[in-house]
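See structure below.
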Amino acid sequence: METVKIIIAGPRGRMGSEAVKMVTNTEHFELIAAVDHKHDGHMLSDLEGFHSINNVPIYSSIEKCLQNVESDVLIDLTTPEVGMHHARTALQHNVRPVVGTTGFTKADLEELELICKEKKLGCIIAPNFALGAVLMMKFSQMAAKYFNDIEIIELHHDQKLDAPSGTAVKTAEMMNAVRDFKQQGHPEEKETISGARGADFNGMHIHSVRLPGLIAHQQVLFGSDGQTLSIRHDSYNRASFMSGVKIAVETVMKQDLFVYGLENILE
Ligand code: NAP
């Protein structure tokens, strides 16, 4: 298998540091640079936690990084605005983005899809790289054909910036594609405290829980006469996402199209 040359943006982050471990522990991957806005000109080995990782320069901007190193894939695990800029710039330099950063808008996704088409390049964006979470979404979509009363409860750590989570939105979109429309709850229901019924996604409700101690969890509840069905996935650490990132890097090298969601590349 040919070696894939990889840049990681956000290497000090909770996800980014796991990605550094995964890339450096994978035989056919090579970490050739990192993008970190706070450590320009340093080597990754200068930073706490990375002392054993040699020959990986850090650049403060994606532009500078792409001018100095030749790479195949950019893994972005930063923040939505930064991630969008990184993905767009990478594609313009013929580098394929694998993006785990969440919070991209519909317009962002459409713009990236268009650049991929023009450049005939692959790009994979996945709001959740945990394989179990992808199965949870697929099983939920299967159930939504038969149950159209649905509540999503997503639970994350309290440092998460976006709500609802990208996974919850993606799950709702997938279920919406097969569910018969229904505006749930009593037609005259009133919130005595604003937000009590959560976000409304085409009649379904999404509830976002934020607590220290949590990582990433989601439960999809289905109800009908005399029965409920619960489908739940829990990520207990960030290593749980890395098998999906690895598959995405391998796949993005073989595909010349834009993909949103890991479920679209799993066989
Ligand atoms: P985090 O710990 O806050 O890490 C984000 C990192 O990005 C920080 O180290 C931050 O540095 C860095 N950063 C910010 N601006 C930057 C820039 N201009 N250039 C380079 N680095 C920059 O967050 P996290 O928990 O790792 O999550 C990162 C993203 O992944 C979030 O969007 C999160 O929702 C998403 N996520 C995705 C999945 C998935 O499976 N797809 C799973 C979990 C999380 P400073 O803090 O120094 O600014």
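Order of appearance sets the numbers: ligands from 1, and atoms from 1 within every ligand. All residue numbers refer to positions in the sequence shown, counting from 1.
Applying the ring pair (Phe, Tyr, Trp, His ring centres under 6.0 Å) rule to pairs touching residues 11-58 yields H39-H42, sequence neighbours excluded.
Members clustered with I62: I7, I32, V35, Y59, L66, V69, L74, V95, by chain and number, using a 4.5 Å side-chain heavy-atom cutoff among hydrophobic residues.
In this structure a side-chain-to-backbone donor-acceptor pair under 3.5 Å is present from H93 to T89.
Every side-chain contact (heavy atoms from CB on, under 4.5 Å) that A163 has, sequence neighbours left out, goes to S208, R210.
Note on K5 versus E70: no salt bridge recorded, every NZ/NE/NH1/NH2 to OD/OE distance being 4.0 Å or above.
Results of the side-chain contact (heavy atoms from CB on, under 4.5 Å) test with V220 over E154, M175, R232, E151 single out M175 as the only residue that passes.
Closer than 4.0 angstrom to ligand 1 by heavy atom are G10, R12, G13, R14, M15, V35, D36, H37, K38, L77, T78, V82, H86, G100, T101, T102, A126, P127, N128, F129, K160, R238, F241, sorted by chain and number.
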